[in-house]
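What you see is a predicted model, and the numbers here were worked out from it, not measured in a lab.
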Amino acid sequence: MLPVSRLASSVVAVACLIPQVTFAASSATDPCIKVAGKTFVPPADALACYKAFPFNETLRQNVLTTVARVFDFFTFEDYYLNSPPPFQESTVDIRATIAKINSTEFANVLPTPPITIELNGVQGVYIAFDAVDFISLLGPEYTGFFDGIGFDWQRLAGAQVLQINGQDPYAYVDTIARTVSGNYLDHGVRVNSVFTSYRISGTDFSQRLGDLAGPMDVTQTSLTFNLIPVNSTVAENVTVPYLANYIGAPFTDSAS
């Protein structure tokens, strides 16, 4: 890796050789340049980079043909295409899902992971009480984005959630469990996976975002909560932005 001083000199030298107009035009025509080298980017920018690539019908056919030939050796596909009760929520088009998974490079991250907990004898949905400590582990590049747009996500930690996207919070969580979560057959376990949760592996203790705060796609740019912040009695609507987390190989533009 170049020292900072040499890297800065190199950048200046290149800038002197390449007209600014050319660079600006390149950035405007290639949306992937905007997200290159960044760990966290707005979902809309990630989608723009995705959409910069023309659809390759030949590649699609090659992938689907290979997958189809593999699954032709198995006998359980009909079961997963139309699973019987109580596992009907695991019904999935395996072939289409594999194609989607293979194209995934970004994962969305919401700074307000929800939990379900009983307080004073009443079960309810809340923003995780440890959200500030937990989300801060993602680093300043993530939290700095919200500072830059003036969004105070930290004040939402511990808030009581009354609605999510206009629905009862448990109803919304149930929808995510039925249509997004896919790690488990049992519905109850899928519901639990929507919430942020803790896990222990040997001597290692960790926390996962959950399928609501950490979905493996960038189709959703924000989520609206109707909630009551800590030390308040007044409900308010807060639209919380997602931030896409890039988990693929490094690149500098669409060609790379």
Side-chain angles (χ1 to χ4, degrees), residues 1 4 31-50 100-101 103-117 125-161 164-165 169 172-173 176-177 180-183 190 192-225 227 229-230 238-252:
M1 180 178 294
V4 173
C32 292
I33 293 177
K34 188 176 181 180
V35 300
K38 298 179 180 179
T39 303
F40 299 101
V41 299
D45 292 343
L47 283 173
C49 179
Y50 275 152
K100 179 180 179 181
I101 292 174
S103 65
T104 298
E105 295 289 352
F106 285 93
N108 251 357
V109 180
L110 197 72
T112 53
I115 60 171
T116 177
I117 191 171
V125 175
Y126 293 79
I127 303 302
F129 298 103
D130 68 341
V132 175
D133 291 334
F134 179 37
I135 296 300
S136 294
L137 294 175
L138 294 174
E141 186 174 351
Y142 181 84
T143 58
F145 168 80
F146 297 101
D147 295 337
I149 63 174
F151 182 78
D152 186 6
W153 59 275
Q154 298 186 13
R155 75 179 184 89
L156 303 178
Q160 181 182 3
V161 178
I164 303 177
N165 271 10
Y172 187 84
V173 166
I176 298 298
V180 177
S181 300
N183 293 330
R190 292 161 76 97
N192 289 338
S193 73
V194 176
F195 297 103
T196 183
S197 58
Y198 307 95
R199 53 191 174 188
I200 299 176
S201 177
T203 58
D204 297 326
F205 176 83
S206 62
Q207 183 174 353
R208 62 186 297 273
L209 285 163
D211 297 334
L212 185 147
M216 291 297 293
D217 65 69
V218 293
T219 55
Q220 195 166 10
T221 58
S222 64
L223 196 61
T224 299
F225 293 86
L227 49 74
V230 173
V238 180
T239 298
V240 183
Y242 275 100
L243 197 58
N245 179 19
Y246 182 67
I247 54 178
F251 67 94
T252 57

Can you list everything that forms a side chain to side chain contact (heavy atoms under 4.5 Å, CB included) with [X]? Sequence neighbours excluded, please.
X	result
Asp45	Lys34, Val35, Pro42
Val230	none
Ala36	Phe251
Leu47	Tyr50, Val218

With rounding to the nearest 0.5 Å, note down the distance linking [atom1] in [X] to [atom2] in [Y].
X	Y	atom1	atom2	answer
Thr112	Leu227	OG1	CG	8.0 Å
Trp153	Leu110	CH2	CG	11.0 Å
Tyr142	Leu137	OH	CG	12.0 Å
Asn165	Gln220	CG	CD	6.0 Å
Leu209	Ser193	CG	OG	12.5 Å

Taking all non-hydrogen atoms of both residues, which atom of [X] and which atom of [Y] are closest, and how far apart?
X	Y	answer
Pro31	Ala48	CG-O, 3.4 Å
Ala159	Pro229	CB-CA, 3.8 Å
Thr143	Ser136	CG2-CA, 4.2 Å
Tyr242	Leu212	OH-O, 2.7 Å
Phe151	Thr239	CE1-O, 3.6 Å

Checklist entry - Taking only residues two or more places apart in sequence or in another chain, which ones pass side chain to side chain donor-acceptor pair (under 3.5 Å) with Ser222? => result none
Next on the checklist: Can a donor-acceptor pair be found, under 3.5 Å and without considering hydrogens, that links the side chain of Gln207 to the backbone of Phe134?
Outcome noted: no
Checklist entry - Does the Thr196 side chain pair with the main chain of Arg208, one donor and one acceptor, at a distance under 3.5 Å? => result yes
Result block: side-chain N/O donor-acceptor pairs under 3.5 angstrom for residues 197-206, not counting sequence neighbours:
| from | atom 1 | to | atom 2 | distance (Å) |
| --- | --- | --- | --- | --- |
| Tyr198 | OH | Asp130 | OD2 | 3.3 |
| Arg199 | NE | Ser206 | OG | 3.3 |

Checklist outcome for this item: From the list Val173, Ile176, Asp211, side chain to side chain contact (heavy atoms under 4.5 Å, CB included) with Phe195 holds only for Val173
Next on the checklist: Show, in sequence, the C-alpha distance, side-chain angles and deciding distance for Val194 and Tyr172, and conclude whether the side chain to side chain contact (heavy atoms under 4.5 Å, CB included) test is met.
Outcome noted: CA-CA 10 Å; Val194 176; Tyr172 187 84; over 6 Å; no
Checklist entry - Considering only heavy atoms from C-beta outward, does the side chain of Pro111 approach that of Leu243 to under 4.5 Å? => result no
Checklist entry - Does Ile127 reach the side chain of Val161, with side-chain heavy atoms less than 4.5 Å apart? => result yes
Item to check | Step-by-step side chain to side chain contact (heavy atoms under 4.5 Å, CB included) determination, Leu156 to Phe225 | outcome: CA-CA 10 Å; Leu156 303 178; Phe225 293 86; over 6 Å; no
